[in-house]
Amino acid sequence: MSPLLIKISKDFATLWTTIDPIGNVALFAGLTAALTRSERHRTALKAVFYATIILVAAGRSPEEGRDLAVFPLAVPSIAGPGAMMAVIVLTDNDVYTVPERLETGVVLLLVLFLTYVLLLFSDAILRVIGRQGASVLVRVMGLILCSLAVEIVLTALGVGGWMPGAH
């Protein structure tokens, strides 16, 4: 497998698990249950838009307000500390070239777009998997995130060959 494809896969896995679109579906459905379908769609678009701005700009907090799309959906749910850390680590100027950082940006936008699509279909998804299924998926995403975090820490520490079969 090419190094670029490996990096894209790792970036996607890291961003997918830190942004956690599946976990956000349950939160979104609960917070927007009283809204109309068009209001939910508008809130989903705004939440992902705000999260995109926050993650691309890496850190400026939105102004306080009553907009569900800003708080708690965009921050801290979609653009939470884990997602911010992932973006910073995956675009480190000392490690990655400009084309590699642009690739990470494209992967970030893809994950955010998929988050938006999942938020749009949150009602249907929850009908299919149920609240228990959403709870299980959140925990699975947590386990994946933990494994990626361990890999990042071990790589940063320069621990080589920590996995069986690693060279």
Side-chain angles (χ1 to χ4, degrees), residues 7-35 39-96 100-123 125-126 129 131-156:
K7 181 174 180 344
I8 289 171
S9 299
K10 284 184 178 183
D11 288 358
F12 184 86
T14 301
L15 292 169
W16 181 266
T17 56
T18 56
I19 291 174
D20 189 16
I22 305 295
N24 285 315
V25 166
L27 176 66
F28 179 81
L31 289 172
T32 62
L35 301 179
E39 288 172 329
R40 280 195 311 273
H41 285 195
R42 191 169 38 260
T43 300
L45 179 62
K46 287 170 44 178
V48 171
F49 176 74
Y50 295 149
T52 301
I53 290 171
I54 290 161
L55 290 173
V56 169
R60 185 165 175 213
S61 299
E63 296 176 13
E64 289 186 29
R66 296 292 227 188
D67 193 348
L68 287 175
V70 175
F71 178 84
L73 290 173
V75 177
S77 188
I78 298 170
M84 289 181 197
M85 180 277 311
V87 169
I88 291 167
V89 168
L90 295 174
T91 59
D92 185 347
N93 291 345
D94 294 332
V95 177
Y96 301 107
E100 288 173 325
R101 286 180 281 163
L102 289 174
E103 169 271 317
T104 300
V106 170
V107 170
L108 172 63
L109 294 177
L110 173 65
V111 170
L112 288 167
F113 174 74
L114 292 172
T115 301
Y116 173 64
V117 170
L118 286 171
L119 294 181
L120 288 182
F121 293 103
S122 62
D123 291 339
I125 292 169
L126 285 177
I129 66 171
R131 299 239 182 243
Q132 291 287 33
S135 178
V136 168
L137 286 175
V138 167
R139 284 167 177 73
V140 169
M141 291 308 224
L143 288 172
I144 294 170
L145 177 60
C146 285
S147 67
L148 288 168
V150 168
E151 180 182 0
I152 289 170
V153 168
L154 291 175
T155 300

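Since the structure is predicted, the reported quantities are computational estimates derived from the model, not experimental observations.
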Do you know the tightest heavy-atom contact between [X] and [Y]?
| X | Y | answer |
| --- | --- | --- |
| Ala29 | Leu126 | CB-CD1, 3.1 Å |
| Pro81 | Pro76 | CD-O, 4.5 Å |
| Leu31 | Leu73 | CD1-CD2, 3.9 Å |

Within this structure, what is the [atom1]-[atom2] distance for the pair [X] and [Y], rounded to the nearest 0.5 Å?
| X | Y | atom1 | atom2 | value |
| --- | --- | --- | --- | --- |
| Ile88 | Asn93 | CD1 | CG | 11.0 Å |
| Leu109 | Thr115 | CG | OG1 | 11.0 Å |
| Thr52 | Leu108 | OG1 | CG | 6.5 Å |
| Leu55 | Ile19 | CG | CD1 | 5.5 Å |
| Thr91 | Tyr96 | OG1 | OH | 9.0 Å |

Evaluate the side-chain proximity of [Y] to [X]: yes if any heavy-atom separation is below 4.5 Å, no if none is.
| X | Y | value |
| --- | --- | --- |
| Leu110 | Phe12 | yes |
| Leu15 | Val87 | yes |
| Phe28 | Leu118 | no |
| Trp16 | Leu114 | yes |
| Leu112 | Ile78 | yes |
| Asp20 | Ile22 | yes |

Sort and list the pairs that fulfil salt bridge (charged side-chain N to carboxylate O under 4.0 Å, His left out) and have at least one residue in residues 100-116, not counting sequence neighbours.
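Sorted result for residues 100-116: Lys7-Glu103.
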
For the pair Met84 and Ile54, evaluate side chain to side chain contact (heavy atoms under 4.5 Å, CB included) and give the outcome as yes or no after the intermediate values.
CA-CA 8 Å; Met84 289 181 197; Ile54 290 161; 3.5 Å; yes

Students often mix this up, so state it plainly: with edges at 30° and 60°, are the rings of Tyr116 and Phe113 parallel, tilted or perpendicular?
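Because their plane-to-plane angle lies in the 30° to 60° range, the rings of Tyr116 and Phe113 count as tilted.
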
